[in-house]
Amino acid sequence: MKRKAAELQEVTRDEAEEDSEDQTSHTNSDSSDGSGTSGSEDSSSGSESDGNEEVDVNFEFFDPQEVDFHGLKALLQTYLDGSPYNCSELVDTVIKQKTVGTVVKTTDSVDPIALLTVLPLRRYTSLTCLKEIKAYFGANERLVNCPPQLAPPLNQALFDEVTWAQEDEPTQELRDSFKLKQYILVSRVFMDPSAPAVAPTKKQKVSKLQDAVIVYARPEDEFYHKHCSWSCTFPITTREVEKDELHPLRMVLGITSQQAISARQEMDQVVGNLAT
């Protein structure tokens, strides 16, 4: 039904990440056919010397299915940073919305490692989970060690599906529900307390002071934030952070359809889009 059967072969990962042991195990299995080495005569010594190694991973895009329920629930359980909400209802809604929504899996895992979808608010006004999330209608979650090169094709797939849903939904009312002119995006970002604050000029808004110290968890968030109409941040209070740690924040931003196109075009230029 969906025009989606994307398989992307990826990329370079830094083994200095926190879960380097897990990445090393994947490297061993992926390179067993001789295609996963970095070209060094002694791959082990090369890995030790430069700390980086190329890892080939196949990322596959799928429609959300019933079999993904428990995997998606595990992925979205912490969407509100530890605050309880009706996660099962949200997952059910994501799965039942057939025309828009993408999960990402690797060939080594049956559970989703990423989800990106859009839920039109006027279509789902009765959902308890959206009231608990305070009208955050987008769900954009993925494992922390997903490579940044995954962002452009994943976002392209989402907006392609929104366009197709305007033709593919069975009724005019449902087709019209995806004629979205504005989006509300919710993201998890971090503030670096050690970064020097840059005072805004007279022509700049006060929010520019925050921009200088924001660390983005996902690459697309930086570009959407740059092109958005408005944004705000608020602290996450469900866990304590040390003084010198990155301070977790939630960012909410509003972006028009045209601004989203501009943001994605810039992201494709900077990050690259493996789907094009």
Side-chain angles (χ1 to χ4, degrees), residues 2-4 6 8 10-11 59 61 97 99-104 114-123 135-142 146-169 175-192 195 198 200-201 203-234 249-276:
K2 298 274 275 288
R3 306 146 187 158
K4 177 172 55 181
L8 308 177
E10 258 293 345
V11 285
F59 294 99
F61 291 9
Q97 181 177 270
T99 51
V100 175
T102 299
V103 297
V104 182
L115 164 71
L116 187 57
T117 190
V118 167
L119 301 178
L121 288 178
R122 59 182 177 180
R123 179 174 173 176
Y136 301 167
F137 78 93
N140 182 8
E141 284 292 290
R142 68 194 71 152
C146 287
Q149 290 87 347
L150 191 61
L154 184 57
N155 281 265
Q156 177 184 323
L158 174 69
F159 284 95
D160 283 347
E161 289 178 342
V162 170
T163 300
W164 296 334
Q166 297 170 20
E167 301 175 0
D168 294 345
E169 286 284 8
R175 289 192 290 271
D176 289 344
S177 71
F178 280 105
K179 294 180 179 179
L180 304 173
K181 297 181 179 179
Q182 297 194 36
Y183 296 85
I184 299 175
L185 306 181
V186 183
S187 176
R188 183 181 292 107
V189 297
F190 299 89
M191 183 179 67
D192 186 356
V198 179
T201 65
K203 294 183 178 181
Q204 289 178 321
K205 297 180 180 180
V206 176
S207 61
K208 291 295 182 182
L209 182 63
Q210 295 178 332
D211 294 351
V213 295
I214 285 180
V215 179
Y216 299 90
R218 292 184 290 262
E220 66 265 36
D221 296 338
E222 180 176 2
F223 298 99
Y224 288 139
H225 188 203
K226 179 179 178 181
H227 290 268
C228 71
S229 302
W230 59 267
S231 67
C232 64
T233 59
F234 55 90
L249 304 171
R250 275 292 184 179
M251 173 182 286
V252 184
L253 60 87
I255 189 167
T256 66
S257 299
Q258 187 57 50
Q259 289 171 334
I261 292 174
S262 300
R264 288 172 45 222
Q265 289 174 341
E266 184 176 354
M267 178 171 60
D268 287 353
Q269 293 175 354
V270 175
V271 181
N273 191 339
L274 297 170
T276 58

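These numbers come from the heavy atoms of this one structure, side chains and all, not from hydrogens, waters or symmetry mates.
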(request) Taking salt bridge (charged side-chain N to carboxylate O under 4.0 Å, His left out) as the test, write out the residues that go with Glu169, two or more places apart. (result) Arg123
Could you tell me which residues satisfy side chain to side chain donor-acceptor pair (under 3.5 Å) with [X], sequence neighbours excluded, listed by chain and number?
X      : answer
Ser177 : none
Arg188 : Asp81
Ser262 : none
Glu266 : Lys226, His227

Nearest 0.5 Å please: distance from the [atom1] atom of [X] over to the [atom2] atom of [Y].
X      : Y      : atom1 : atom2 : value
Leu115 : Leu154 : CG    : CG    : 8.5 Å
Thr102 : Phe61  : OG1   : CZ    : 7.0 Å
Arg175 : Thr99  : CZ    : OG1   : 11.0 Å
Gln269 : Arg264 : CD    : CZ    : 12.5 Å

Minimum heavy-atom distance between [X] and [Y], given as atom pair plus value:
X      : Y      : value
Val100 : Val118 : CG1-N, 4.1 Å
Thr256 : Ser229 : CG2-OG, 3.9 Å
Gln97  : Pro120 : OE1-CD, 3.7 Å
Gly254 : Gln259 : O-OE1, 4.3 Å
Val162 : Tyr183 : CG1-OH, 3.7 Å

(message) Once ring-ring contact (aromatic ring centres under 6.0 Å, His included) is applied, do any residues pair with Phe178, and if so which ones, sequence neighbours excluded?
(response) none
Under the side-chain contact (heavy atoms from CB on, under 4.5 Å) test, residues paired with [X] that sit two or more places apart:
X      : answer
Ala151 : Arg142, Asn155, Pro219, Glu220, Met267
Asp268 : Pro152, Asn273
Leu253 : Leu185, Tyr224, His225, Cys228, Ser231, Met251, Ile255

(message) Does any part of the side chain of Pro153, heavy atoms only, come nearer than 4.5 Å to the side chain of Phe59, both counted from C-beta?
(response)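 Side-chain contact under 4.5 Å: no.
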(message) Any non-hydrogen side-chain atom of Phe159 less than 4.5 Å from a side-chain atom of Leu116?
(response) no
